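What follows is a short report on a single structure.
These numbers come from a predicted model, not from an experiment. Protein chains get the first letters and strands the later ones, always in sequence-line order, with residue 1 at the start of each.
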There are 2 protein chains.
Amino acid sequence: MSELTPVEVTDLRPIRDIVHEKLRTAIMRGELPSGERLFDTQLAKQLGVSRTPVREALRMLEQEALIVVTPRRGTIVYRLKQEDAIEIYNIRSVLEGLALRLAAQNITHQEIVQLREKLEKMRPLPENLAGYMAVHVEFNSIIIGASRSPRIEQLVASFASQLRNLRGISLTTPERQLLAWKEHCAIADAIESRDAELAEMLARRHVERAKEAYLMQRA
Amino acid sequence: MSELTPVEVTDLRPIRDIVHEKLRTAIMRGELPSGERLFDTQLAKQLGVSRTPVREALRMLEQEALIVVTPRRGTIVYRLKQEDAIEIYNIRSVLEGLALRLAAQNITHQEIVQLREKLEKMRPLPENLAGYMAVHVEFNSIIIGASRSPRIEQLVASFASQLRNLRGISLTTPERQLLAWKEHCAIADAIESRDAELAEMLARRHVERAKEAYLMQRA
DNA sequence: ATGTGATATACTGTTTGCAGTAATTTCCGA
DNA sequence: TCGGAAATTACTGCAAACAGTATATCACAT
């Protein structure tokens, strides 16, 4: 009787959540480009639902700063400016630093093994950008998850995704990509040796480099 | 359920925003205690509006993690656990560190003068907790504002407010209060001398101390 | 008394409709 | 042809009604 876990009442998710997710990914993929005006009535028609769940989804997106709502005027997809990108990189830098400091303390041996596997997978993909990015995402989520801090996880995911639809993501040159890989190796080493301070420092520097690479491209 | 006064339709802000703010402050003040169930129909009646704006407000609060919504089940005010508090302190630590690093770079001379004024105001309030806290909030908002980073500002405000309704906020003992004051002086000095690294370090240590003081109280 | 099933109630999720305001178009005069 | 006022359109904000499901109540059997 003691160890019965509650059932997952996923049932059918409310329409508002489905709409929220749909719009969210559409925005991040750039299918709804920056500056695009959104009409709840139009979205409702397109999605085949009524306006209410659409409006509730818009409230969520508004809270995530993915859209900007001007009362009685309308709603547009937020247009990320360079200063926004800098801000986000700054925040990611310290948050991922924190995440890695905690991860170095909390990561399990098994997770370290997984980490090494991902690293090996990434090594032979010097040119295959898409493949590299996919593994990279897995690598990151293992580490961030090892921080055992859902709030950090959520924040990092949120901010990282906001940059996703930014044109010109860092890993353009092979040199940069190799450098990034080496940085990841160093981070894995630091975590494995439980050096929290070093892991934090490396993570911060890593994001800082990504920021600079981004700024280079549009200088 | 406590006393929620009906909304005044100012015509300027949408009702949903008024409701959002009302609920938000009610939660933070503890008037809507942790674990309290919220019924949109009931809230709508109390506030004298329809369910629609209430529900939109709930979606915003949900996104802020102030409430927890279980679809088809109901809504409760999120009950902050100790691990949540630790998480929030950790995040505040690095975010305020970042804020102060930026502030040291961007603060104006005039803002430094204001900072000094606030510090002087805080000095003669060794026992007047309420007064001290009020000035303290102003002091902080000047510094955080000087980071010139709206996202950081919003995040810090959000996380700080989540801790507000936590029982036993740090400054209980006079010694702790004096220590905090000295820490603030050191921070102001660091900012004034434009030492970004030092300011960041001090800010992080400051929040770290607050965390430890909080943990002490419930040990 | 206790557990089980049926009924009733209450709340959430969604749709629909109505009011008000901003935007757009149309039409008129210069 | 252009500017501006009036009319029209279209969208947002809010309310209320409707549908379905979870919860509570109660009757009844054991």
Closest to side chain of [X], choosing from [options]:
X: A:Pro14; options: C:dT15, C:dT14, D:dC14; answer: C:dT14
X: A:Arg72; options: D:dA15, D:dT12, D:dT21; answer: D:dT12
X: A:Pro71; options: C:dG13, D:dG13, C:dT15; answer: D:dG13

Among residues at least two apart in sequence or on other chains, which ones pass side chain to side chain contact (heavy atoms under 4.5 Å, CB included) with [X]?
X: A:Val137; answer: none
X: A:Ala146; answer: A:Ala103, A:Ile107, A:Glu111, A:Arg148
X: B:Gln110; answer: B:Thr108, B:Gln114

Using whole Å, what does the distance between atom [atom2] of nucleotide [N] and atom [atom1] of [X] come to?
X: B:Lys45; N: D:dA15; atom1: NZ; atom2: C1'; value: 15 Å
X: B:Ile15; N: D:dA16; atom1: CD1; atom2: P; value: 11 Å
X: B:Gln42; N: C:dA10; atom1: CD; atom2: C1'; value: 11 Å
X: B:Ile76; N: D:dA22; atom1: CD1; atom2: P; value: 18 Å

Quiz item: Which residue, A:Val49 or B:Asp40, contacts DNA chain C at a nucleotide closer to its 5' end, judged by nearest heavy atom?
Solution: B:Asp40
Quiz item: If you pin A:Gly48 and A:Arg37 to their nearest nucleotides in DNA chain C, which one's is more 5'?
Solution: A:Gly48
Quiz item: Of the residues in residues 50-65 of chain B, which ones touch DNA chain C at a heavy-atom distance under 4.0 Å?
Solution: B:Arg51, B:Arg55
Quiz item: Between B:Arg73 and D:dT21, does any side-chain N or O lie under 4.0 Å from OP1 or OP2?
Solution: no
Exercise. Give, for atom CG of A:Leu98 and atom OG of A:Ser93, the distance between the pair rounded to the nearest 0.5 Å.
Key: 11.0 Å
Practice problem: Could I get the full list of salt bridge (Lys or Arg N to Asp or Glu O under 4.0 Å) partners for B:Glu153, not counting sequence neighbours? | Solution: none
Practice problem: Would you please name every residue forming a side-chain hydrogen bond (donor to acceptor under 3.5 Å, both in side chains) with A:Arg101, sequence neighbours left out? | Solution: A:Glu200
